[in-house]
Amino acid sequence: MQRLYEHYSSQCKVETEMGEKHQGPWRKLPSYNRSLKFATGGVHLSKMIQSEARLFTRNIKEQGAAFEYVMFVNKEEQTCVCLLQAGHLLEGPPGHVHGGAIATMIDTVTGTHATYISGPVMTANLNIDYRSPIPLGSTVLLHCSLDKKEGRKTFVSCQVTSTDGSKLHTEAKGLFLSVNVSHLLGV
């Protein structure tokens with residue numbers, strides 16, 4: 001996990017020949033509080049909606065017990081990657097990650113990616129095909145990409161693989177609908 005983290009982190013800031021540092025092609029996204037503030041117009045909305053609230057995937061305070069992850073997004077390539085290590089509290093079949101925990105992370109990562117591309121969104125449809133179980137404690141890579149945008153609709157694909165890409169664990173396709181601030185606030 002550390003190797004992949006360092007790989008994507010190193011691409012967040014790049015150094016020019018003159019020694020100046022600039023924003024690279026990748027950006028690390030926050031995963032502890034609201035990622036909404038990184039979407040277009042999201043700063044204001046994030047402040048209005050419980051700015052101190054924690055994301056569902058970050059409600060367990062014991063380190064390493066549940067969802068341990070970091071996300072990076074590449075706006076030019078319209079892709080997002082997430083490094084995930086599932087802790088012991090996410091066990092489903094003995095020694096393996098529960099399918100619902102995998103679905104939660106897929107929804108979190110694809111939804112964050114869709115929000116980054118389209119502004120505030122809500123999941124309209126998420127289709128998941130489980131291919132092989134994920135052993136507890138192993139590190140996997142979630143790779144999301146934009147398929148297309150049609151008006152308010154954002155279509156995203158996601159693959160969950162081993163970190164070296166040799167094993168496909170899960171594939172998913174999601175449809176996210178853009179929503180306006182008044183809809184989210186119930187106004």
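Under the 4.5 Å side-chain heavy-atom criterion for grouping Ile, Leu, Val, Met, Phe, Trp and Tyr, Tyr130 is connected to Ile134 within one hydrophobic cluster. Residues Phe155 and Ile117 fall into different hydrophobic clusters, defined by Ile, Leu, Val, Met, Phe, Trp and Tyr side chains chained together at heavy-atom separations under 4.5 Å. By the rule that hydrophobic residues join a cluster once side-chain heavy atoms approach within less than 4.5 Å of another member, Val121 and Leu177 end up as members of separate clusters.
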| query | Can you list the steps and then say if Trp26 with Val81 is a side-chain contact (heavy atoms from CB on, under 4.5 Å)? | reply | CA-CA 10 Å; Trp26 289 89; Val81 296; 4.0 Å; yes

| request: Any chance you could lay out the side-chain contact (heavy atoms from CB on, under 4.5 Å) test for His143 and Cys158, step after step, and finish with the verdict? | output: CA-CA 5 Å; His143 183 271; Cys158 181; over 6 Å; no

Discussion item. Applying side-chain contact (heavy atoms from CB on, under 4.5 Å) to Val160 and Ile106, what does each step give before you reach the verdict?
Written reply: CA-CA 8 Å; Val160 181; Ile106 289 171; 4.0 Å; yes

side-chain contact (heavy atoms from CB on, under 4.5 Å) for Thr170 and Arg131? Distances and angles first, verdict last. CA-CA 5 Å; Thr170 312; Arg131 303 290 183 205; 5.9 Å; no

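Under the 4.5 Å side-chain criterion, counting only non-hydrogen atoms from C-beta, Gln159 is in contact with Leu168. Residues His98 and Ile102 fail the side-chain proximity criterion, which asks for heavy atoms closer than 4.5 Å. Inter-residue side-chain proximity for Phe72 and Tyr5 is flagged as met; some heavy-atom pair is nearer than 4.5 Å. Side-chain contact check for Thr104 versus Phe67: some heavy-atom pair is nearer than 4.5 Å. Between Val156 and Lys173, the closest side-chain pair of non-hydrogen atoms is not below 4.5 Å.
In this structure, Lys75 satisfies the cation-pi test against Tyr116, with its NZ or CZ atom closer than 6.0 Å to the six-membered ring centre and inside 45 degrees of the ring normal.
Under a cut-off of 6.0 angstrom, the local environment of CD in Gln23 is crowded, with over 12 non-hydrogen atoms contributed by other residues, nucleotides or ligands. Counted within 6.0 Å of NZ on Lys153, heavy atoms from surrounding residues, nucleotides or ligands total 12 or fewer; the atom is thus considered open.
Remark: Thr110 OG1 to Leu142 CG distance equals 9.0 Å, nearest 0.5 Å. The OH atom of Tyr8 sits 9.5 Å away from the CZ atom of Arg3 when rounded to the nearest 0.5 Å. The CD1 atom of Ile128 lies 11.5 Å from the CD atom of Glu171; values are rounded to the nearest 0.5 Å. Atom NE2 of His169 and atom CG of Leu84 lie 10.5 Å apart (nearest 0.5 Å). Here the CD-CG distance, from Gln85 to Leu90, works out to 11.0 Å after rounding to the nearest 0.5 Å. Taken to the nearest 0.5 Å, the CG atom of Leu136 stands 8.0 Å off from the NE2 atom of His96.
Residue His113 comes nearest to Leu146 through the heavy atom pair NE2-N, 3.8 Å, listed as atom of the first residue, atom of the second, then distance. Taking all atoms of both residues into account, the shortest heavy-atom contact from Leu126 to Ala103 is CD2-O, 4.2 Å. When all heavy atoms are compared, the tightest approach of Ser162 to Asp164 is OG-OD1, 2.7 Å.
Judged purely by atom type and a 3.5 angstrom limit, Arg152 uses its side chain to pair as donor or acceptor with the backbone of Ser178. A distance-only check finds no donor-acceptor pair linking the side chain of Glu77 to the backbone of Cys80 [under 3.5 Å]. The closest donor-acceptor contact from the side chain of Thr79 to the backbone of Ser145 lies at 3.5 Å or more, if one exists at all. Remark: side-chain polar atoms of Thr123 are not paired, donor with acceptor, to backbone N or O of Asp107 under 3.5 angstrom.
Asp147 and Ser157 form a side-chain donor-acceptor contact under 3.5 Å, judged by distance and modelled atom types alone. A donor-acceptor contact under 3.5 angstrom links the side chains of Thr154 and Ser118, judged on distance only.
Qualifying side-chain contact (heavy atoms from CB on, under 4.5 Å) partners for Asn125, counting only residues two or more places apart in sequence or in other chains: Asn127, Leu175.
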